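Please read all numbers here as calculations on a predicted model, not as lab measurements. Values below: every heavy atom of this structure, side chains too, minus hydrogens, waters and symmetry copies.
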Amino acid sequence: MSLSEPLTLDPTGSDHRGEHRTLRARGPATRVDILGVTAWSVSEPALLKKLLTGPDVSKDGRQHWPRFAETVTTWPLALWIAVENMFTSYGGDHRRLRRMVAPSFSARRVAALGERVESMVDELLDELAATPDGQAADLRETLCYPLPIRVISELMGVPEARREGFRELVDSVFSTTLGPKEAAANTVKLYEALDALIVEKREHHGDDMTSLLIAARDEEGDGSALSETELRDTLLLMISAGYETTVNLLDQAITALLTHPEQLAHVREGRATWTDVVEETLRYEPAVKHLPLRFAVRDIPLPDGQVINKGDAVLPSYAAANRHPDWHGESADSFELTRSAPGPEHLAFGYGTHFCLGAPLARLEGTTALEKFFARFPDAELGVPVTELRPVPSLITNGHQTLPVVLRPAG
């Protein structure tokens, strides 16, 4: 294929590692087709950081993407660009919306959740302990999913009866194999669920983020603080991003450790920490592979002579960037807990003004769950060969459909 022709991204994500190698081989940025939309996939870390921190790229398609109106009616991923919250905002609007949410993820508030997260993990591990010796448990279903759902639901005040419904709807948001009609129908159901939650929380206020956002909206009825649409879409962002990414973090960390026993030994023998496990997992197999979309505010010359024209769509390809050899050398494709580079050298939580607010909470859940799981089940092993694990059908989210693990050997 000529480099001038867009590379069609596989919506099933069946070979994302191979696809990311192809992206890197095509240069710092290359044109791709993402379910019918042409965008510039950026996989070179230095260039990606520059674009994510400078004023040349916006997340507001309404303002800065000429194709917005025609695309939003038919694109299966329309919700990713059509929502009105801090995820798609630019400039002053982004600062206003982020300020309203940021206090819920402060270091103090996250630290205060520590004991509650430990309790939740213990409860889930107690349930797992009933699994018969030699029998595989699906850890994605019994640990990776329920922990972050419980945590974000308590933070947001989502009643237990509504949690499973939100999970199913949010999973479909991250799917990239739905057709336009299926995606649109899921969006309708999702907003119906959010509207019902808002009605319920207006009637029964609590000490949770949903109640606080509703109060901010209702006290400033002119929408200067938060419009009704922004309220609804902010709840959507908090609930969906608040658990989906952590599900994949736990899934990929457990998979990596069980398939790299020498790395698990580093932790057990004190040469690495559970924080190292979380950070290397986020680099090696980040929870999100590509994150649609951003838009060029002006012409952007590229190092290889190409130009991202004003109004072009831009696709940050975080997973490809995380394994770029210019960043991590010859070992970029290896899972290594003892890397010498200081700090979390990855882009799994984004970069710049849109850096994920929930990163401290995800890290807390990850380190707590992993440390407790491997202490409780030190002999755990994959229940199938790693080659038989099937990826979630998505070019966005990065996890496995199931994660069968034998917690204790038979007998």
Side-chain angles (χ1 to χ4, degrees), residues 15-18 20-21 45 121 125 128 136-140 142-144 147-148 245-289 318-349 359 362-392 398-400 402-409:
D15 180 23
H16 64 275
R17 295 179 182 178
H20 297 161
R21 285 193 291 270
V121 172
L125 296 183
L128 277 170
D138 180 2
L139 290 193
R140 188 168 174 92
T142 55
L143 178 63
C144 303
L147 175 62
T245 52
T246 308
V247 172
N248 291 331
L249 165 59
L250 294 173
D251 174 344
Q252 295 288 6
I254 292 169
T255 303
L257 289 172
L258 293 182
T259 53
H260 296 81
E262 78 287 353
Q263 299 301 312
L264 181 55
H266 285 320
V267 182
R268 288 175 167 161
E269 296 167 14
R271 292 185 294 273
T273 67
W274 292 108
T275 295
D276 294 327
V277 173
V278 167
E279 300 306 329
E280 177 64 355
T281 300
L282 289 167
R283 185 203 69 83
Y284 182 69
E285 288 290 358
V288 171
K289 293 176 286 194
Y318 293 129
N322 276 358
R323 292 198 186 196
H324 202 290
D326 287 353
W327 197 1
H328 295 290
E330 294 181 358
S331 67
D333 281 331
S334 300
F335 182 71
E336 296 182 4
L337 299 182
T338 55
R339 290 182 180 277
S340 59
E345 293 289 302
H346 59 75
L347 295 170
F349 291 121
R363 286 169 165 144
L364 171 65
E365 292 178 60
T367 54
T368 303
L370 292 169
E371 181 174 8
K372 284 181 170 290
F373 173 81
F374 282 96
R376 188 74 171 268
F377 304 108
D379 299 320
E381 58 185 31
L382 277 182
V384 297
V386 67
T387 54
E388 293 184 14
L389 295 178
R390 295 292 175 258
V392 173
N398 186 23
H400 301 103
T402 61
L403 183 59
V405 172
V406 176
L407 304 176
R408 290 178 295 261

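- You'll find the side chain of P404 reaches within 4.5 Å of the side chain of L389, heavy atoms only.
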Problem - Evaluation steps, side chain to side chain contact (heavy atoms under 4.5 Å, CB included), between L139 and L250 - result: CA-CA 9 Å; L139 290 193; L250 294 173; over 6 Å; no
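- Looking at L403 and L143, their side chains never come closer than 4.5 Å, going by heavy atoms from C-beta outward.
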Exercise for the section: Would you check, one step at a time, whether the test side chain to side chain contact (heavy atoms under 4.5 Å, CB included) holds for H400 with Q252? Expected result: CA-CA 8 Å; H400 301 103; Q252 295 288 6; 3.5 Å; yes
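- The heavy-atom pair separating S334 from E280 by the smallest distance is O-OE2, 3.3 Å.
- Counting only heavy atoms from C-beta outward, the side chains of L347 and N322 approach each other to under 4.5 Å.
- Going from atom OG1 of T255 over to atom NE2 of H260 covers 10.5 Å, rounded to the nearest 0.5 Å.
- Side-chain contact annotation: N248 with T245, donor-acceptor N/O pair under 3.5 Å absent.
- The heavy-atom pair separating A348 from H346 by the smallest distance is N-ND1, 3.1 Å.
- Here the shortest heavy-atom pairing between L337 and A272 reads CB-CB, 3.9 Å.
- For the atom pair NE2 (H16) and CZ (R21), the distance works out to 9.5 Å, reported to the nearest 0.5 Å.
- Using a 4.5 Å cut-off on side-chain heavy atoms (C-beta onward), V247 and R140 make contact.
- Pairing each heavy atom of L258 with each of A380, the nearest pair is CD2-O, 3.4 Å.
- Residues L264 and V277 are not in side-chain contact: their nearest non-hydrogen atoms beyond the backbone lie 4.5 Å or more apart.
- In this structure, the side chain of T368 does not engage the main chain of E365 through any donor-acceptor pair within 3.5 Å.
- A 6.0 Å sphere centred on CD of E330 holds no more than 12 heavy atoms belonging to other residues, nucleotides or ligands.
- Each of H20, H328, E285 was checked for a side-chain hydrogen bond (donor to acceptor under 3.5 Å, both in side chains) with R323, and the lone residue meeting it is E285.
- In this structure, E336 does not pair ionically with R283, as no charged nitrogen and carboxylate oxygen lie closer than 4.0 Å.
- Relative orientation of the F374 and W274 rings is parallel, given thresholds of 30° and 60° on the angle between their planes.
- Taking OG1 of T275 as the start and CD of E371 as the end, the distance is 9.0 Å to the nearest 0.5 Å.
- Under a cutoff of 6.0 Å and an axis angle of 45°, R408 and F377 do not form a cation-pi pair.
- Listed for the R271 side chain is no donor-acceptor partner under 3.5 Å among the backbone atoms of R268.
- The side-chain heavy atoms of L382 and T259, taken from C-beta on, include a pair separated by under 4.5 Å.
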Exercise for the section: Using the side chain to side chain contact (heavy atoms under 4.5 Å, CB included) rule, take F373 and L407 through it: C-alpha gap first, then chi angles, then the decisive distance, then the call. Expected result: CA-CA 10 Å; F373 173 81; L407 304 176; 3.7 Å; yes
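- Minimum interatomic distance between L249 and G366 (heavy atoms only, all atoms of both residues): CD2-CA, 4.3 Å.
- Atoms CG and CG, from L125 and L147 in turn, are 9.0 Å apart once rounded to the nearest 0.5 Å.
- Scanning both residues, G383 and A136, for their nearest heavy atoms gives CA-CB, 4.5 Å.
- Contact of the N398 side chain with the V392 side chain is not registered, since no non-hydrogen atoms from C-beta on lie closer than 4.5 Å.
- Atoms OH and CD, on Y284 and Q263 in that order, are 10.0 Å from each other to the nearest 0.5 Å.
- Residues I254 and C144 form a side-chain contact, since some pair of their non-hydrogen atoms from C-beta on lies under 4.5 Å apart.
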